[in-house]
Protein chains: 2
Amino acid sequence: MSNSRVNVRWVAEQAGVSPATVSRVSRGSAQVSPELRERVMRVIEEHGYRPNHFGRALAEKRHGSLGLVFPGLSGPYFSELIQGFESEALETGDQVLLLSSHYRSDTDAKVLDLAGRVDGMAIHAGTVSEAMIERVSQTIRVVVMAHKAGPAHASVSTDSGTVGTLTRHLLVEHGYRRLAFVGTPEGSPDVTARWEAFLAAHAETGARPPAGPTLVGLAQADGAIAAQKLLDSEEEPPDAVVCANDETALGLILGALGRGMRVPEDIAVTGFDDMPMAALVQPGLTTVRQPVRELATVTARLLHAPLTQRDGDTLLTTDVVLRGSCGCPDRPSGETGRDATAGGDS
Amino acid sequence: MSNSRVNVRWVAEQAGVSPATVSRVSRGSAQVSPELRERVMRVIEEHGYRPNHFGRALAEKRHGSLGLVFPGLSGPYFSELIQGFESEALETGDQVLLLSSHYRSDTDAKVLDLAGRVDGMAIHAGTVSEAMIERVSQTIRVVVMAHKAGPAHASVSTDSGTVGTLTRHLLVEHGYRRLAFVGTPEGSPDVTARWEAFLAAHAETGARPPAGPTLVGLAQADGAIAAQKLLDSEEEPPDAVVCANDETALGLILGALGRGMRVPEDIAVTGFDDMPMAALVQPGLTTVRQPVRELATVTARLLHAPLTQRDGDTLLTTDVVLRGSCGCPDRPSGETGRDATAGGDS
DNA sequence: TTGTACGCGTTATCAA
DNA sequence: TTGATAACGCGTACAA
């Protein structure tokens, strides 16, 4: 605990004023005469007095903190998410309490615990049950991230439909015929939405989708695993792969290149996120740009200022970013850019 | 705030007992007769009573939380760090408060803020000034991560000297002659230690080191940038590159492959961390294995149980992991493994 | 075993 | 403008 001796009463005594005055000075809440103010400030600085957090919170009925619950996946996506949230929270003077569910069974208890220590809670899709979200919502403000929650809850999500646009691009513009989808819909509402958009594009264009998604996680290493599954199998490999995120796409490209295959000539690959690395690979990674940081900051703002926006979903737009990995002409980064052949190889 | 009506007094009234008894029941601190216990539990469950965090903390003089301060870099290293710390803290019932300094100027103020809300604080190397660490140490327990702090402070670090072993391996076993080092020592004590070990190995073997490190960050994209700097330059490119971490190494490999170069035949690459992806690339990434998760969990344990270990550094061992990217024979993952030529191309 | 009374540190209210 | 007093919710000596 902090300096236990130095509290309001003690400072007040030293300065020869009342505790109330010390409080007023320390938080600048009301007018105090210059003399007293000076006397108090001197004592405060001399002894490094800082108001005790509990006392203040108890009196103000306010924590000054926000909670962030996420599944515990690693990678740039969550890093960006956490940092965006954290930096926005710090902007308004709120501290951030972190809880990664990590697929544990006692997550619910931890969430309730957390709910008692924060003013608002951001919950990433796929981490907490609907029932628990409902329950927590009744005591503090909750915003669901990356998933369009029901109209009763506030949520911020990004448009997954763009995966459909991208899939149509592969099918129609490039003429690929055997597409694969890398990612696991179950337990992840955002991956589910992307998979559904992928299927919908097939249905619209009359193309035949794969029997099911290639089930791997969202880390780069999972992309390498997907490469094993798709390329080392006895079945005919796909001519284009839509990955649930950039990380797996990069892992897949790495796997393909390592096997002596060419991208996109032998196999086209697309991602989702448009993380910095996507523009730096050669060939550049065709992907869907998602405003991850905005997703985080908007969520934090919604939590801090509950007045501005009531419940309902805030949908952030996403865009297709065409680069070389789908077969489109690549804009070389640096002088060594290769010419990517436009059009498919069907 | 939580259900403001439902507090100890109210529950006590409902159950027809005293507040003290409710407290005893809710935390199982003392013996209570079965009947009263039953009555109280009924009311607690029926109305979902949860002890207010502030009241409890104020009375117990204890926060039940740990702080984690880190620079704000993204990538697998910090993800693993955060998660390891968080999972260990949850094990002991502590909540985690996050603060990413993000190279801001007002970090010191935020750190002091944080110090008033946690029982202990883990500070990653390169985030907070010595003076501030000293100051915070006087009020709560502090552990410095990834940097051997002075004997006055507790710290947990991993052995960077192994980079010297790896460098000697490149120079002596493989006979590489023009090594490069990718990473920015300044502001990052752990990168500094690796750079120094790299230099020491050159001195010991009489080899001539590069004029200076290739200054880029620690993200994968920085590896791609390093590839531009090293491979697109007019100067003769290095025949081996020691990267400050695996991420930049992978970015560099990606850049080299994208330029039509072969790894390790045209250029050897090594990393640091041994993240999952390192074993999955082809060729496999030669690197130094660092127990990142242990770094985090040991730190958390040190903070939670200040009794076990007093000040001083806890050094975790690291190991060289030889794979194909340095020129050693690679163990193929899957059937498509390529034969890597052992020995250098000097 | 149970209840009473006080302390934890701060802010808000109200009276001066 | 300032000060006294009452909350805020809980844990815990101490007394019964």
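Please read all numbers here as calculations on a predicted model, not as lab measurements. Within every chain, numbering begins at 1; the chains are lettered A, B, ... in the order of the sequence lines, protein sequences first and strands thereafter.
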Quiz item: Between B:Leu81 and B:Met145, is a side-chain contact (heavy atoms from CB on, under 4.5 Å) present by the stated rule, with each step listed?
Solution: CA-CA 10 Å; B:Leu81 212 60; B:Met145 309 177 77; 4.0 Å; yes
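Between A:Phe54 and B:Phe54, the ring-plane angle classifies as tilted under the 30° and 60° cut-offs.
Rounded to whole angstrom, the span from the CZ atom of A:Arg62 across to the C1' atom of D:dA7 amounts to 19 Å. Rounded to whole angstrom, the span from the NE2 atom of A:His63 across to the P atom of D:dG9 amounts to 11 Å. Taking atom CD on A:Glu35 and atom C1' on D:dG3, their separation rounds to 16 Å, with Å as the unit. The CD-C1' distance, from A:Glu13 to C:dG9, rounds to 14 Å in whole Å.
Neither side chain, B:Gln83 nor A:Ser100, offers a donor N or O lying under 3.5 Å from an acceptor on the other.
A distance of 14.0 Å separates CZ of B:Arg9 from CD of B:Gln14, quoted to the nearest 0.5 Å. Here A:Asp313 contributes atom CG and A:His153 contributes atom NE2; the two are 12.5 Å apart, rounded to the nearest 0.5 Å.
For A:Tyr77 and A:His124, the ring centers sit closer than 6.0 Å to each other.
For A:Arg135, the CZ atom counts as loosely surrounded, since its 6.0 Å shell holds 12 or fewer non-hydrogen atoms of other residues, nucleotides or ligands.
For D:dA7, the OP1/OP2 oxygens have no side-chain nitrogen or oxygen of A:Lys61 closer than 4.0 Å. Distances shorter than 4.0 Å separate some side-chain N or O of A:Thr21 from OP1 or OP2 on D:dG3.
In the helix from C:dT1-D:dA16 to C:dA16-D:dT1, the end axes, each obtained as the rotation axis mapping the C1' atoms of four pairs onto the next four within a five-pair block, lie 40° apart to the nearest 10 degrees.
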Quiz item: Nucleotide by nucleotide, 5' to 3', does protein get under 4.0 Å of the base (B), only the sugar-phosphate (S), or neither (-) in nucleotides 10-16 of chain C, counting heavy atoms?
Solution: BSB----
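Of the charged side-chain nitrogens involved, none lies within less than 4.0 Å of a carboxylate oxygen, so that A:Glu86 and B:Lys110 do not count as a salt-bridged pair.
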